Amino acid sequence: MSAKHPPTDRIDRRRVAQLLEQIQRLDVGPVGRVAMLVETPEPGQHAVREQVTAVPGKGFAGDHDRKSFYQGEHVPGREVSAISREVLKVLNVDPVVVGDNLISEGFDLATLEPGDRVAVGDEVILARSPRPHQPCTVFRDRTSPEAFAV
């Protein structure tokens, strides 16, 4: 384990609890907006875009070809990942750093059930994957152990 990230027994559990409480109190609802669109042209490289083209089975047209892969295997339902701007603010995380494609605002992503559909703009409908997106060690390395735990 690197010195930059303490073992899980050194995570500030009180801070994690505080962050979770703040997230539960967020003023979000069933309708929101797109706050930011982020493409991943190369692994680890994120680019904010004013508009993107969504490609079924791939994600955003400008994403690298291996973006929907994990440990060498394609992961269906991982083409577009989303996170709430409000959650990122609570975690004190820059939206571009995490690498999620769709940064929402005012919308409670946590209420989505597998298969739920969300209209994004006039032409794109995204479906909530049956597999929840789990933050990876890259997220932890770019944020904090506490943000990762949350």
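Computed from a predicted structure; not experimentally measured.
A pairwise comparison of heavy atoms in L26 and E86 identifies CD1-CB, 3.7 Å as the closest pair. Among all heavy-atom pairs drawn from S144 and A147, the shortest one is OG-N, 3.0 Å. In terms of heavy atoms, H64 sits closest to P43 at CD2-N, 3.5 Å. Residues M36 and P95 approach most closely at SD-CB, 3.8 Å, considering heavy atoms.
Evaluation of the side-chain hydrogen bond (donor to acceptor under 3.5 Å, both in side chains) test over residues 87-102, restricted to residues two or more places apart or in two chains, returns D63-N101, K67-N101, S81-D100. For residues 103-120, the side-chain hydrogen bond (donor to acceptor under 3.5 Å, both in side chains) pairs, not counting sequence neighbours, are R33-E105.
Members clustered with V55: none, using a 4.5 Å side-chain heavy-atom cutoff among hydrophobic residues. Through direct or indirect side-chain contacts shorter than 4.5 Å among Ile, Leu, Val, Met, Phe, Trp and Tyr, V120 is connected to V34, L37, V52, F60, V80, L102, F107, L109, L112, V118, V124, L126.
Checked against side-chain hydrogen bond (donor to acceptor under 3.5 Å, both in side chains), R66 has no partners two or more places apart in sequence or in another chain. By the side-chain hydrogen bond (donor to acceptor under 3.5 Å, both in side chains) test, E79 pairs with no residue at all, sequence neighbours left out.
Side chain of E146 to main chain of R15: no donor-acceptor pair is present (N/O by atom type, distance under 3.5 Å, no hydrogens or angles). A donor-acceptor pair under 3.5 Å is absent between the side-chain atoms of T40 and the main chain of E42, judged by distance alone. With hydrogens and angles disregarded, a donor-acceptor distance shorter than 3.5 Å links the side chain of R142 to the backbone of V97.
The 12-atom threshold is exceeded at CD of Q45, counting heavy atoms of other residues, nucleotides or ligands nearer than 6.0 Å.
Expressed to the nearest 0.5 Å, how far CD1 of I23 lies from CD of Q18 amounts to 12.0 Å. Taking CG of L19 as the reference point, atom CD of Q24 lies at 11.5 Å (rounded to 0.5 Å).
By the 4.5 Å heavy-atom criterion applied to side chains, D65 and K58 are counted as neighbours.
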